[in-house]
Amino acid sequence: MIRVTLLCFVAVLLAPSAEAARYAVGAASVADLPRLQRALGPGAESLAPIPALVVERATPPRATALPGATYVERLGARRLSWAPNDPLKQWHLTVNRAFDFWETELEQPPLAPVRVAVIDSGIDATHPEFAGGRIVDAKSFVGGSARVDQEGHGTFVAGLIAAGVDNGAGIAGMAPSAELLVAKVVNGDDLIDVEAEVRAIHWAVANGADVINMSLGGFRDPRDPDRDAYSPLEAAAVGYAHGKGVVVIAAVGNSDEVPPRPWPFASYPAALPHVLGVSALARDGSVPAFSNRDRIYNDISAPGQAILSTFPLGLTAAAKECPEQGYSSCAVAGFEDFRKGEGTSFAAPQVSAAAAVLLAARPSLRPEQVTALLTRTARDVNAASGCRVCPLQRDALTGWGRLDVTAALRALSGPLPPRDRFEPNDDAGGRAFRLWGQASRIEATLDFWDDQNDVYAIRLRRGQPVYVRVRGPAGHDTNLILWRPGTKHVDDLASLGRVVRQSARPGPREWLSYTASKTGIYYVQVKLGARGAGRYKLVIVKA
């Protein structure tokens, strides 16, 4: 009996409805409309100069039965995209299409909680925008309490990510299900100790961070090693976080802090592999002079001027002429710069929030997949969008383009970017991925802008032959290099004498063979020789 009931119910659902509906019938040109209108009969309304007619029918017309018809579309009402009811205006939400994916609040499904670590100056934990358990933990690595923010920077950044959404008050954060891990690494002088930063990264990973936002930076000048602030310790910490499945996002830096302007290099840690570097955009679509440029490490852009966010209650003016207490527009004297909300520091958390939304919708994503989804769906920034000096496609000013949250979410319904379980394996020594056994067959990925090198460690006995071949990403030049035991770094001029074999033919296919001169750990390096990204296949066979 149950089976019959179900079958009858399905039959009712599949039966054609007798209720009339309105249909649009398209034509190849306006000249075809009269003939098509005659075929449809009375009631067919022309939409000229658009080559289409509108007709009401109980059953849909068939395009194949109508002369000159190119399509038949059932018409329905469309609704405005859902916008949260938080009253303060935030222009970046519209530009980022932060909530356009869901047409109404009811259509937004429950999103999985995602932990976002904000490594910054702390947070005002008493702020009502972070009530209801938005802050799951906080720790200071420079003394004092991480739940107190005397600088304002961390509270500003945290609000862009996780301020309450649709609560009828203040602003809306871009990640409705974000849970904050707050690590305080700044205390009073705006200087950040690398050790404190590294300890904060480790703490965030240990406490389940899915995303780490670092709106901070060390000066980078590859032309002057004495000024360059590269830290191997910082690089190791970032690699550790990536290997644990954490998406790491950082601001590319502001050139108003260092001469000259604009500065052509992203700051650290944005200028490290596996970090998504974020630059700033002005409201008119141009790139502000303060936003650092970088041909390699500037990955994506987001609004970075006239940004409004949360601000410590103790640092906002209580005067009646400033009613927006707890928000940056009311910053007290001495903190006036926060009133205009300017900097790559405030562009980065928008991208961190977008990463959190992607992970909330698809928790199984790996960091490299999140990065690829965000960058490959970004909207190109060029003269047509307001940046007269930005060329088409990827450039040093805006990376892959402007953040588009809705496009990234829609991309989840298509083929996902490939995963790479071997990362981070960017160098020799302990950073190489160790392979065991006589034969290894590997599928992994390379990205010229984020992951140019993959390195694998293999053990060979003296006199033992090894055969290596790789098929790189289609259409992209790939190189294959074998390094002798004791190599500490690949792509280092001081190490060039340690190369024992190299295959650098044009194109994606390379192969080499070698008989070990001594027993030890050798390193197989796969490297992209030109701009591009994609999956490669590597085969290593020991005789």
Side-chain angles (χ1 to χ4, degrees), residues 117 119 141-142 183 185-186 191-206 209 212-253 258 263 265-277 292 294 296-299 367-368 371 420 422-434 446-457 481 483-499 521 523-527:
I119 298 178
F141 296 87
V142 290
V185 297
V186 181
L191 297 178
I192 301 161
D193 182 71
V194 171
E195 181 181 353
E197 177 194 337
V198 167
R199 290 186 183 277
I201 292 172
H202 184 270
W203 172 82
V205 174
I212 291 177
N213 183 89
M214 290 191 285
S215 291
L216 51 86
F219 182 60
R220 175 169 169 260
D221 186 355
R223 301 171 300 194
D224 186 351
D226 292 334
R227 295 209 303 167
D228 192 89
Y230 172 74
S231 167
L233 180 62
E234 181 184 54
V238 166
Y240 168 78
H242 180 87
K244 292 294 184 180
V246 181
V247 182
V248 182
I249 295 168
V252 299
V258 290
W263 190 244
F265 304 110
S267 300
Y268 299 110
L272 292 173
H274 313 299
V275 178
L276 191 58
N292 285 354
D294 201 294
I296 303 297
Y297 298 111
N298 184 7
D299 297 306
E368 63 272 10
T371 295
D420 191 340
F422 303 100
E423 295 294 350
N425 58 331
D426 309 305
D427 210 342
R431 297 184 66 181
F433 189 90
R434 182 68 185 269
L446 287 172
D447 187 322
F448 180 82
W449 298 274
D450 187 58
D451 180 28
Q452 292 184 12
N453 294 303
D454 279 355
V455 184
Y456 301 91
I481 307 167
W483 298 79
R484 71 175 71 251
T487 299
K488 295 182 179 180
H489 301 289
V490 300
D491 285 352
D492 185 345
L493 291 177
S495 300
L496 289 180
R498 308 197 70 83
V499 173
I521 303 298
Y523 299 99
V524 176
Q525 177 190 7
V526 185
K527 178 181 177 65

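Side-chain atoms of Leu446 and Asp454, non-hydrogen and from C-beta on, do get closer than 4.5 Å to each other. In this structure the side chain of Asp491 reaches within 4.5 angstrom of the side chain of Lys527, judged on heavy atoms. Here the side chains of Ser267 and Asn292 are in contact, with some heavy-atom distance below 4.5 Å. Contact check for Gln525 versus Asn453: side-chain heavy atoms found under the 4.5 Å cut-off. You'll find the side chain of Leu272 reaches within 4.5 Å of the side chain of Tyr230, heavy atoms only. Side-chain contact between Leu216 and Pro269 is present, with heavy atoms from C-beta onward closer than 4.5 Å. Counting only heavy atoms from C-beta outward, the side chains of Val252 and Tyr297 never approach each other to under 4.5 Å. You'll find the side chain of Asp426 reaches within 4.5 Å of the side chain of His274, heavy atoms only.
With hydrogens and angles left out, the side-chain atoms of Asp228 and Tyr268 include a donor and acceptor closer than 3.5 Å.
The shortest heavy-atom contact between Phe265 and Arg220 is CB-NH1, 3.4 Å.
Interatomic distance, NE2 of His242 versus CG of Asp451, reported as 7.0 Å (0.5 Å rounding).
The environment of Arg199 atom CZ is sparse: at most 12 non-hydrogen atoms of other residues, nucleotides or ligands sit within 6.0 angstrom.
Between the side chain of Trp263 and the main chain of Phe219, no donor-acceptor pair closer than 3.5 Å is present. Although no hydrogens or angles enter the test, the distance criterion places no donor-acceptor pair under 3.5 Å between the side chain of Asn425 and the main chain of Phe433.
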